[in-house]
Amino acid sequence: RLSFTAAPLEPVLEAVHELGTVQAGQYGVTLALDSRLGFTALEMDAPQVQRVVTNLVSNALKFTPQGGRVTIAAEADGDSVHVKVADTGAGIPADKIGKLFQKFFQVEETKGQARARGTGLGLTVCRMIVEAHGGRIWAESEFGKGSTFQFRLPKRQPKKTT
């Protein structure tokens, strides 16, 4: 159950960046924030959107080697906002991209490169939250070179009719 409130997304991204910077420093990875949102407001459940971004950043950090980079980027795009979490990590084989958001799915080829074990539920939860906001989430990757996880959320929620 989501609780929608109009609020700027920028503070959510800044909070994730601030918390993630500590973890990134421990891993020897650079975590950057490139947001062009300013005070662009969204009708969103901010804690749940923060959960999505935190999960995507945590995954990126988990698979990015020392000396690598993770970037959180966001921009307004018409009636929506577009958020990207890109990394210079392990990447994902092309034939596995379509399965990433399924329950319990984990990429066998990169499990050994992860800094921590996962359950295979994080991306499923991200998909559920983004879709409950009327948005869409997807991934692009080149195996061995990194991944970009992206989601798009509408600025306004459709009016509910009873």
Side-chain angles (χ1 to χ4, degrees), residues 1-27 29-64 69-89 92 97-106 114-141 146-162:
R1 203 139 166 73
L2 300 178
S3 176
F4 293 98
T5 306
L9 182 58
E10 189 95 12
V12 169
L13 301 177
E14 289 171 351
V16 173
H17 178 258
E18 187 176 322
L19 291 171
T21 298
V22 174
Q23 186 179 24
Q26 293 170 345
Y27 295 161
V29 174
T30 300
L31 178 60
L33 174 59
D34 178 18
S35 175
R36 296 183 178 98
L37 291 174
F39 292 101
T40 301
L42 288 183
E43 288 179 8
M44 65 176 167
D45 186 319
Q48 293 302 318
V49 172
Q50 183 168 340
R51 184 176 180 185
V52 171
V53 180
T54 298
N55 185 286
L56 297 179
V57 169
S58 179
N59 282 351
L61 291 172
K62 186 166 57 170
F63 290 98
T64 300
R69 181 178 184 85
V70 173
T71 303
I72 306 164
E75 62 185 1
D77 185 15
D79 291 338
S80 64
V81 296
H82 186 188
V83 179
K84 298 179 184 181
V85 176
D87 66 60
T88 58
I92 302 158
I97 296 284
K99 300 176 184 177
L100 290 174
F101 298 95
Q102 294 176 5
K103 282 183 184 178
F104 307 116
F105 181 78
Q106 295 184 344
R115 288 189 170 90
R117 295 294 241 194
T119 61
L121 289 173
L123 291 175
T124 302
V125 171
C126 288
R127 178 182 51 81
M128 292 169 63
I129 294 169
V130 168
E131 289 177 355
H133 278 81
R136 178 172 98 76
I137 189 168
W138 70 97
E140 297 172 354
S141 185
S147 302
T148 302
F149 284 79
Q150 306 176 63
F151 64 92
R152 188 177 294 278
L153 297 178
K155 289 180 184 174
R156 302 281 173 257
Q157 291 298 308
K159 299 296 178 211
K160 304 282 186 210
T161 58
T162 55

Can you spot which of Leu56, Val52, Ile137 makes a side-chain contact (heavy atoms from CB on, under 4.5 Å) with Leu123?
Leu56

Who pairs with Ala76 by side chain to side chain contact (heavy atoms under 4.5 Å, CB included), at least two apart in sequence or on another chain?
Leu37, Thr40, Lys155

Within this structure, what is the CG-SG distance for the pair Asn55 and Cys126, rounded to the nearest 0.5 Å?
4.0 Å

As a quick check of understanding, evaluate side chain to side chain contact (heavy atoms under 4.5 Å, CB included) for Ser80 and Asp77, giving each step before the final call.
CA-CA 5 Å; Ser80 64; Asp77 185 15; 4.2 Å; yes

Neighbour count above 12 (heavy atom, 6.0 Å) for Glu131 CD
yes

Steps toward side chain to side chain contact (heavy atoms under 4.5 Å, CB included) verdict (Leu42, Val49):
CA-CA 11 Å; Leu42 288 183; Val49 172; 5.6 Å; no

Which residues share a salt bridge (charged side-chain N to carboxylate O under 4.0 Å, His left out) with Arg36, sequence neighbours left out:
Asp34

Taking atom CD of Gln26 and atom OG1 of Thr21, what is their separation to the nearest 0.5 Å?
11.0 Å

Got a sec, which residues hit salt bridge (charged side-chain N to carboxylate O under 4.0 Å, His left out) with Glu75, two or more places apart in sequence or on another chain?
none

Distance (rounded to the nearest 0.5 Å) between Leu153 CG and Arg136 CZ
11.5 Å

So do the side chains of Phe151 and Val53 get within less than 4.5 Å of each other, counting heavy atoms only?
yes

Over all heavy atoms of both residues, which pair between Asp45 and Ser3 is shortest? Give the atoms and the distance, please.
OD2-N, 2.8 Å

Restricting to side chain to side chain donor-acceptor pair (under 3.5 Å), what partner residues turn up for Gln23, sequence neighbours left out?
Tyr27

Is any side-chain heavy atom of Leu31 closer than 4.5 Å to a side-chain heavy atom of His17?
yes

Could I get the full list of side chain to side chain donor-acceptor pair (under 3.5 Å) partners for Asp87, not counting sequence neighbours?
none

If you take all heavy atoms of Met44 and Ala7, which pair is closest and at what distance?
CE-O, 3.6 Å

Which atom of Ala132 lies closest to which atom of Leu2, heavy atoms considered:
CB-CD1, 3.4 Å

Name the residue from Thr64, Thr30, Val29 that meets the side-chain contact (heavy atoms from CB on, under 4.5 Å) definition with Arg69.
Thr30

Taking salt bridge (charged side-chain N to carboxylate O under 4.0 Å, His left out) as the definition, give me every residue that meets it alongside Arg51, ordered by chain and number, with sequence neighbours left out.
none

Glu43 and His133 have their tightest heavy-atom pair at O-CD2, 4.2 Å

Measure across Ala41 and Arg156 and return the closest heavy-atom pair with its distance rounded to 0.1 Å.
O-NH1, 3.7 Å

Go through the steps to decide whether Val16 and Gln50 satisfy the test side chain to side chain contact (heavy atoms under 4.5 Å, CB included), and finish with yes or no.
CA-CA 7 Å; Val16 173; Gln50 183 168 340; 3.6 Å; yes

Can you give me the closest heavy-atom contact between Gly146 and Ser141, atom names plus distance?
O-OG, 2.9 Å

